[in-house]
Structures are given as structure tokens and as C-alpha cells.
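Notes follow the structure.
Per chain, numbering begins at 1; letters A, B, ... match sequence-line order.
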Amino acid sequence: MSARQPRPETLERVRRFATAYAATGAYELNADAVLVDTTIHGLAANLDALGQMYCPCYVLPQAEAERASLACPCAPHHDDIRRDGQCHCGLFVAPGTGVKPGLPVLAEGGGAPAGLPALASRTVEVADEDAARARIEEERWGDGLPAVPPTPARVARMLSGTTLPPGQVVASVAPNHAPVTVEKIAVNAVLAGCDPEHLPVVIAGVRAMCAEPFNLHGLAATTHWACPLFVVSGPIARELGFNGGVGAFGNGTRANAVVGRALRLVMMNVGGARPGGITRTTQGHPGRYTYCIAENEAESPWEPLHVERGLPRDCSAVTVVAAEAPHGLVDQGSRTAEELALSLGWSMAAMWSHQTFPVAAQTVLAVSPEHARVFGRDGWSKDRLRRVLFERIRRPLRSWQGPEANRREASPLVRDLLARGADPETLVPKFPSPESILVVVVGGTAGLFSSVLPGWIPTSTAVTEPIAHRA
Amino acid sequence: MHDAKALESLGIPLVAVATTEFVEAGRAQARALAFEGDDVFPVPHPIQPLAADEVAALARSALPGMVARLVGRQP
């Protein structure tokens, strides 16, 4: 261990790091304060002397690449903690055996009531419910709306909604890439107002949004409007009262409201996606409070989304897709599926911008039941609808050749075609492929009103995750 | 900032660059990663509407400051 005295600001930086890392909930800080202090001094001394927080308890190899794996949190620490209950230095220890920083549970005077299962989260004592709400507001653990204080009893009750162990790491949440445990998801679910039966849906949503193809990291930071939309499908949607019918994107349904809100709070409290911090959306949209719907499977002429995406019909699932707010598509006159498809398609042609042919990302087409009935009556499959939208919603290249055209805003494909002197009659599609269009049936049974939810960028694609029912 | 931290851990000196509008986001991410060495190097905002030659000009004008930042932090 280094005998050099680190600079005070380096010490403070390493202390913040250790607390922040333990706050993710995967591990805790060692309860031995002297050991923690000594290790932090060693890390800080190495940071000052060597430019990295190399573990002070290893003999450092000469080769830089080998040394890199020993910068805290060192590469072997997961295996060490699993095997020995602590990392090599003993700074981080297994949940339940140390000190617990991070999003806490709140207890009214006297700590957690006796008889409850031990939680890995630290406990913050507050005078009463009002003080708890004030603390949530002050620490920015909420979303601006009043939140339910996560008391030990409420978190313990929430955990009864899953058979997974509280300490199990479910995923790594971007942008901080912080590991999130079942318990930390439960704390956020309480904050959001969930009941225990909602917890498996929230856990599946966390898995889905943290899967690599979804690119939560970029989405959490983008200046664009898009944010994760969660679509619940399968039997659980009906059992838990998720709304895919009247006003599904709106207010008034508990399951939609609290599950979407819990997922947003996980993004903020665990992932670090705080508006004005790492999250830079220029305008945002109301779905950033909660954005969760069900499919209206009863009114759909097509198979449910999760079946289309390869899961068994009797399975329940959450599909996450990056989406702007719904934009209305009105058509009260079309009588045939073809008329309706082209009408909806040309209304969708202005999304992103009227110049953007093709859009780069996936698009959600939320078809209302009355519109879905037209497609069903004419025997159109989702595939046929998608193919017609891809093949027919096209503009000729000459649209970008007039003096009034703003070619700087044209897509890379259009700019390339223009640069190559392609035939002016070349047709440029609005959608990059038929598969880029996700079709779901959503809404009440009255109203010839569908909507389009424009997507984000091609490096984010929808992910479907099965929901593990509680046994 | 994740990339910057990873590269620094390999001993590769670097300067993290952002347009002025994103400096605070860079700092927030650096704080979360306990990676608060040099501040994010600011360049003028915005970049999005610039043509390739305009971006190249901006990069050329920023380069001396970035090099000075790198050289200045040698031990």
C-alpha cells in the first residue's frame, strides 16, 4: 500500500466514487470504516502518482495493459465478491454484509420495523410521511410528481411480487452503466406507486431497455424527443388491467401509469438519466413521466406483438421501442385497406421532416380498432400493410432538385443519389424497410384515428422480453 | 466519457471534447464515473448543421488548444 499522502481533492473524488459505486446496489462498502479509509487513501495515492485508481493491495504489473485491469473497480472484483464475500482489498462487500449507500428506504423514526426481511439498501430516518416526501423532492429521487416513500415495509411487500432474490443483478443501466438489483427496482417501483404484481413487468421492462440493441445509453442522452415506449402484450396485460383501449396513451389507468413511471425512475435513479444533466432532450415529451400501453389484442385482426416477435401466444411480454409522442393520423373516408394504407402512409410522410426520405429508424404505427377493422375485413396482414407503406410511400428524386429544395436537410441517400446524377424519376422510400414499421392495435373502438410514433436512430432497435410470472 | 475513462485506464492521454452546450452533460457523466480530471474541452455549438468542410475548419481551430491541454498535463 502506498505511503504517499494523496491530495485532499483526490481523496474526496475517490470517496465519491466508492460511495457512488456501492450506491448502485450491487455491492456495499465494508462496514470496517478504518479499512475503507485506508483503501481509499491507497487508491487516491495511486491516482495522484500513476494517474489511475489502481488497487493498492496488488503488486502492480509493469505492463500497462495488465495494470489496467487492476484499476478500481478491478476486473476480478465480481468473482472475488461472489467467492469471498469481498473484493481483494475488502473495499466492496456482498449485499447485506456492509454499509449501504444509494437510493435508500425511508423509515419513520426508530429504523425499520422488526420482523421485516433485511434489505441491502441503507435506511434514512425521517420524522414522518411529509418529511419523507420532502426528502424525496430534495434529493431528486422523484420525477416532479408526488412519490410514495419507499419504507422498509413497502419495499418488502413489493419484493413479494417476484421470486427473484433481492440481491440479484438484473441489468446494467445506462448512461452510468450501473448494475441494478431486484431490490433497487422494487424501491423505484414503490416510489412510482406500483403494487407487487406489477414488479415482474417492471423487471422485464428493465431487462428489455438495458439490452444492447436498444441503446439506452444514447437514448438517455439524446437531444431528440424519443424515449422508451413500453408495450405490454399477452395474458398479463388483461390480468393486471393494462389499458390498450380508450385513451391508452393518456391518463386514468393505474397499471400503465405506475409501470411506465417505475421504469423512468430506474433510468433516473440508477442509470443517472437526469434532465439537464446527462439527459439533454431539447423539448422532451409527456411520455417521459410514463410511457406504457397494452395492445388492444381483443380488437386486433392480427397476432399480438410478442407472437409476431417470436414468443409463444400464452407468454406475456414487454416490448420496448424508442418513440416520440403519438402524432395523430386522421382518416374518416377510406373504404378499402389500400386507400387507408396510402392515406395513413402519406400522413406519416412528414415525420422527422418532410425532407427525410427515408427515416433512419423504426417507426411505430398505432392502428386504431376502427382502422384495424378495415384492414381485417379486406384480409390484409401486417406484412402486407408494411410492404405497401414501404413500396408506395415514395417521392421522386426530382423533388429535391428544384431551386426551392433545401438539399442540406435531405437524407444521406438522397444526397448520394443527387451527387451520382441518378435518374430524377428514381423513387425514394419514406421507410428504410417494411420491417422497420412496428404495427400495433391501440385505442378505443370508436374513432377513425390512428397515430404514428416516429422513432429515433438506426442503432436503437425494439427489444421484446418475456415477463416471468410469479409462481 | 465512458470511452475517455477506458482509454485513460490504458494509459492513452486524451482530451474529451464537446460543444459548449454539452460541456455540462460531459461533466455530469464524468462525476458519475469518478473521472474528474481535466474539464471537457469546449468547442462552439452547434455542429449538427455544419457541412464537412465547416466541421474540418472548426476542428483545425480547436486543435492548438487541445494539444496545449494535452502537453500541459504531462507530469
Criterion side-chain contact (heavy atoms from CB on, under 4.5 Å) on B:Q29 and A:N176, from CA distance to verdict: CA-CA 7 Å; B:Q29 184 68 86; A:N176 288 351; 2.9 Å; yes
For the student: nearest non-hydrogen atoms of B:A25 and A:I278, plus distance: O-CG1, 4.0 Å
Per-residue contact mode, A:T223 against chain B (heavy atom under 4.5 angstrom): side chain
Flag, side chain of B:H2 to backbone of A:P175, donor-acceptor distance under 3.5 Å: yes
Top of A:H177, A:H217, A:E409 for chain B proximity - count of heavy-atom pairs under 4.5 angstrom: A:H177
Toward chain A: residues of residues 48-56 of chain B with heavy atoms under 4.5 Å: none
Side-chain donor or acceptor of A:Q52 paired with backbone N/O of B:E8 under 3.5 Å: yes
